[in-house]
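Worksheet for the structure shown next.
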Amino acid sequence: MALSLSARPLDPAALDTPLLVLPLAPGAALPPALGPLDAAVGGALGRVLERRDFRGGRDEVLHLAGVPRGPGRILLVGLGRATDRPDDAPARLRRAAALAGRRARELGAGTLTWFGGVASAADVERVGIGLGLGAWEYTDLKTPPAAEERRAPLTAATIHIEDAAAGARGVAAATAIGAGYDLARRLGMMPGNLCTPDLLVETAQDIGRRLGPRVTVLRRREMEGLGMGSFLAVAQGTPQDPALIQLEYRGGPADAKPIALVGKGLCFDSGGISIKPAGGMEFMKFDMCGAAGVLGAIEAVARLALPVNVVGAVGATTNMPSGTAVKPGDVVRAASGKSIEVINTDAEGRLVLADVLDYVRRHEPTAIVDAATLTGACVVALGHAATGVFGNDEALVGEVLAAGSRAGERGWPMPVWSDYQEAIKSDVADIKNTGGRSAGAITAAKFLQEFVGDTPWVHLDIAGTAYSETDLVAIPKGPTGVPVGMFVEFVRGRVR
Ligand code: BES
Ligand code: MN
Ligand code: ZN
């Protein structure tokens, strides 16, 4: 269930909530306004600070029993020192809030009040988004526990801020962006038998009905008509009807060229004939996280009613081995006219994106940003700490990196020098779809670059950042919602 947020001035003497969250930085004293509450808990708050049981460090949490009348529980969360990780400072408040949201869910508090550290609409937004990220869970497919064992999900949070108008602005933004994150994570977590190309189509159409973007869908037949032999090479092994889904959000002037967001939507990637090893193959249900990011970003941008034009495009299919599947050595022709030798059928994301990137060029976009769980090589290069950022336009790369920093979703720039072009030369076709073992994330990006022409373009390799196989401190394992935040901040940054 979506988290319902409010932010307004609260009377510290009358905080009646199942869970009071107090964010504190190292060395910070208890806000004087909380003196009466401290007295009500027998001075416990002052004591834990004095004894230094709780020091306000990053990721530190301390849970205290509350009082019969007033806060039922008190949770101290550490903010860490802003100067300790200057690179990660914008994410500090959000991370603490995610930790609090996660604890609230584990406790079954149901609702909480956040008191402290919030002075602006942007702060409310960080806390609101963080709470939602931490409290998120996917329970649709689990039998609910018996009533007495059930723990309430976090459904509402109130954030203290002196300026009520700023509070309302922050709540509106956090609610919009939070909805985008929730949508993307839900799609990411859904198993491949439920999250199909058809489901992505229905999800896009639902966004269109609720929020206005025009949704158009090309299925196999239409793609054949457009000569999308690259995308269709991947889809020829699956009985499911593939889809090229397009959402046109028009918030800007009618004559303004749009920004294009493109996502890889492999609802399952078995590798095809070049089949993957069995161990961990189940994680390849997450191979549509780029597409989920595009849908989540359009959801958020439309809710924010940003005055810009944005086209979202998703290439949705599954990569399966079968008698009709594309084989290593096959040569196919992309809609752009380029011939492609398929060396490895597991390098399918770039084949799908080739035709989607080419397709969005018809809108003459001012920029194309694509997101894809594209290569294991990117995970080797950057681990899970950063999205690989590639592009043909230095200014645009900088813009996207800055957007990622603001969103708390960091990226790191990777080179796309022409030196790497050599690796994707084919003996029989114009290019081939793999470039050997070295620089695998870069040669994949070089392949994509073949299909964007001179349009300013950035490619985000989110293979290491879109989901986590283990619990992270602040957010539970599974889809992280990346790159919704980076996309939304990028679009917001274009509002002038
Ligand atoms: N979806 C995978 C990439 C991936 C791997 C994402 C691990 C997340 C975690 C992609 O389609 C793929 O299989 N890439 C191959 C490319 C290779 C065959 C050139 C890879 O990375 O091994
Ligand atoms: Mn693959
Ligand atoms: Zn894949």
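Every value quoted in this text rests on a predicted model; they were computed, and no experiment measured them. Whatever order the structure lists them in is the order used to number ligands and atoms, beginning at 1.
Under 3.5 Å, the side chains of Thr216 and Gln246 contain a donor-acceptor pair of N or O atoms.
Remark: Arg151 CZ is loosely packed, at most 12 non-hydrogen atoms of other residues, nucleotides or ligands lying under 6.0 Å away.
In this structure, Arg350 is part of the shell of residues with a heavy atom less than 4.0 angstrom from ligand 1.
Close approach of ligand 1 to Gly376 is summarised as follows: ligand atoms under 4.0 Å from at least one heavy atom of the residue are 3 (C), 4 (C), 5 (C), 20 (C), 21 (O).
Protein N/O/S atoms found under 2.8 Å from the Mn ion (ligand 2), listed by chain and residue number: Asp269 OD2, Asp346 O, Asp346 OD1, Glu348 OE1. Of all protein N/O/S atoms, those under 2.8 Å from the Zn ion (ligand 3) are Lys264 NZ, Asp269 OD2, Asp287 OD2, Glu348 OE2, and waters are not counted.
Looking at Met288 against ligand 1, nothing comes within 4.0 Å, counting heavy atoms. Under 4.0 angstrom from ligand 1, there are no non-hydrogen atoms of Glu469. Residue contacts with ligand 1, taken as heavy atom pairs separated by less than 4.0 Å, do not involve Leu266 at all. Here Tyr467 has side-chain heavy atoms under 4.0 Å from ligand 1, and that is the only part of it that gets that close.
Taking a distance limit of 4.0 Å, we find that atom 22 (O) of ligand 1 is approached by no protein heavy atom.
Residue Glu299 comes nearest to Leu183 through the heavy atom pair CB-CD2, 4.1 Å, listed as atom of the first residue, atom of the second, then distance. Minimum interatomic distance between Gly192 and Lys285 (heavy atoms only, all atoms of both residues): N-CB, 4.1 Å.
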